[in-house]
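Data block below; observations after.
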Amino acid sequence: MLPINALLISNGIEGLAKMFQANDRIRYTIAEIGKDFDPDLDAYDLLIVPNGSDHIALYRIRQKIKQFLADGGTLFCFDGWFTDWIPGNRWLMDNSKKTIDIRYKIKDDPQGLAQYFSIDHLNFTHGISGWWACGYIEAAAEAEVLIEDTWGRALMVIDRKSTPGLIVLTASGPLGDFGAGTPDDGGSIKAISDLYQSILTLVSHKKTMVQ
C-alpha cells in the first residue's frame, strides 16, 4: 500500500519534525505559515494541525480546507481552534473545572482504537491529572466522541458526517509519534504516540478503500 501523504502545518515551532517522523506508513511535507501562506492541498491525503498553530492563517484558507474535506481528505487538528474554520465542530476554552478532578474515559469506539493505547496513562503524567486536554469540543451531531472527560465533555472527536472527508479533533490534546519508544513516567508520552498511531489506521483504511 502507498504511504499516506501528509501536509504538516508549522508555525516555526522548534523540533516539530522530530514529533512527526516519516516512515513506510506516512510521509510528511511541512508547510510554514508566513505572509503568503496558501498551501496547495490537492496532493495530500492528510492535513495535520499541531499544537501552536496559527488559526487566523487557517481561517483565511478555510474554504480551501472545506474543499479538501469535500474531496474526501482527512484533517487532524490537535490544537484549540479559536476561529471558525473547522466544519461542524467548535472548540471552547474552559478552565472552570479543577484539573485535579479531571479524568479521561472512552465513550464511542466502534473501530476499537482503545485497544492500542492506555487511557490510564493519559490521565496522569508525573502524578498530575488534567494535563492532556484543554477546554472541550462541541461536537457535530453525529460525530463519534472517542474520549470524554469527567463531566461528559468531548475531548477527542472523530467526525465522518459533517463532510465527505474525515475529521479527527482533540481539545488541544497534543498527538504525534515523538514518543515512540521513549516512554516516561509510566507511559504518558508513549500513550500519546500510541493514540496517534491508532488514528493513522483510519487514514490508511480510508486510503485503501479508494484505491
Side-chain angles (χ1 to χ4, degrees), residues 1-34 36-55 57-81 85-87 89 91 111 113 116-117 143-144 146 156-160 162-182 189-211:
M1 185 180 68
L2 293 174
I4 298 165
N5 288 317
L7 186 67
L8 177 62
I9 300 300
S10 171
N11 205 31
I13 297 172
E14 181 68 26
L16 186 67
K18 293 181 180 179
M19 299 178 187
F20 296 90
Q21 303 168 19
N23 52 54
D24 291 342
R25 187 184 201 185
I26 186 166
R27 295 181 300 207
Y28 296 101
T29 299
I30 295 179
E32 294 277 356
I33 291 178
D36 301 316
F37 177 71
D38 189 22
D40 183 359
L41 306 181
D42 291 343
Y44 300 99
D45 309 300
L46 172 62
L47 175 64
I48 302 175
V49 180
N51 277 149
S53 295
D54 183 341
H55 293 285
L58 292 163
Y59 180 77
R60 292 191 187 113
I61 64 166
R62 64 192 181 282
Q63 294 303 325
K64 181 175 283 191
I65 296 172
K66 185 177 180 180
Q67 186 60 53
F68 171 73
L69 290 165
D71 292 338
T74 298
L75 167 67
F76 288 175
C77 181
F78 309 138
D79 196 21
W81 61 102
W85 65 270
I86 298 179
N89 299 269
W91 173 76
Q111 291 83 26
L113 300 182
Y116 300 113
F117 69 96
E144 301 162 16
L146 178 63
M156 185 166 181
V157 169
I158 300 172
D159 183 359
R160 308 168 190 273
S162 295
T163 73
L166 171 66
I167 301 173
V168 180
L169 308 167
T170 70
S172 299
L175 293 182
D177 63 1
F178 54 93
T182 57
I189 290 180
K190 186 175 185 299
I192 290 175
S193 176
D194 291 344
L195 177 51
Y196 177 71
Q197 294 300 326
S198 77
I199 61 173
L200 282 183
T201 65
L202 303 179
V203 188
S204 297
H205 179 69
K206 191 169 180 292
K207 189 175 174 70
T208 301
M209 295 292 288
V210 299
Q211 287 178 347

Inset, instruction - For the pair D159 (side chain) and A143 (backbone), establish whether a donor and an acceptor sit closer than 3.5 Å, ignoring hydrogens and angles. - result: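 Judged by distance alone, no pair lies under 3.5 Å.
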
Inset, instruction - Without swapping roles, check the side chain of S53 against the backbone of H55 for a donor-acceptor pair under 3.5 Å. - result: no

Grab the two heavy atoms, one from [X] and one from [Y], that are nearest each other, plus how far apart they are.
X	Y	answer
N89	W81	O-NE1, 3.4 Å
E32	F37	O-CD1, 3.5 Å
P174	N51	CB-OD1, 2.9 Å
R27	N5	NH2-OD1, 2.8 Å
I13	G52	CD1-CA, 3.7 Å
P87	I167	O-CD1, 3.8 Å

Legend entry - Passing option when F78 is tested against L175, V49, L169 for side-chain contact (heavy atoms from CB on, under 4.5 Å):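 Option passing the side-chain contact (heavy atoms from CB on, under 4.5 Å) with F78: L175.
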
Legend entry - Trace of the side-chain contact (heavy atoms from CB on, under 4.5 Å) decision for Q67 with L41: CA-CA 9 Å; Q67 186 60 53; L41 306 181; over 6 Å; no

[X]: partners by side chain to side chain donor-acceptor pair (under 3.5 Å), with sequence neighbours left out:
X	value
Q111	none
Y44	none
N11	none
S172	none

Legend entry - Residues that F68 engages under ring-ring contact (aromatic ring centres under 6.0 Å, His included), provided they are two or more places apart: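 ring-ring contact (aromatic ring centres under 6.0 Å, His included) list for F68, sorted by chain: empty.
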
Legend entry - Stepwise side-chain contact (heavy atoms from CB on, under 4.5 Å) test for I9 and L47: CA-CA 8 Å; I9 300 300; L47 175 64; 3.8 Å; yes

Going from [atom1] on [X] to [atom2] on [Y], what distance comes out if it is rounded to the nearest 0.5 angstrom?
X	Y	atom1	atom2	value
D42	D71	CG	CG	7.5 Å
L58	I86	CG	CD1	8.5 Å
Y28	Q21	OH	CD	8.5 Å
T29	D40	OG1	CG	11.0 Å
I4	L46	CD1	CG	6.5 Å

Heavy-atom side-chain proximity of [X] to [Y] below 4.5 angstrom:
X	Y	result
P50	L16	yes
L69	P164	no
V157	V168	no

Legend entry - Step-by-step side-chain contact (heavy atoms from CB on, under 4.5 Å) determination, W91 to D79: CA-CA 9 Å; W91 173 76; D79 196 21; over 6 Å; no

Could I get the full list of salt bridge (charged side-chain N to carboxylate O under 4.0 Å, His left out) partners for [X], not counting sequence neighbours?
X	result
R160	E144
D36	none
D54	none

Legend entry - Geometric class of the F76/Y196 ring pair [parallel <30°, tilted 30-60°, perpendicular >60°]: perpendicular

Legend entry - Pair D45-T74, side-chain contact (heavy atoms from CB on, under 4.5 Å): steps then yes or no: CA-CA 6 Å; D45 309 300; T74 298; over 6 Å; no

Sequence-distant partners of [X], side chain to side chain contact (heavy atoms under 4.5 Å, CB included), two or more places apart:
X	answer
D38	I61, K64
R25	N23, Q197, L200, T201, S204
S198	L113, Y116, F117, L195

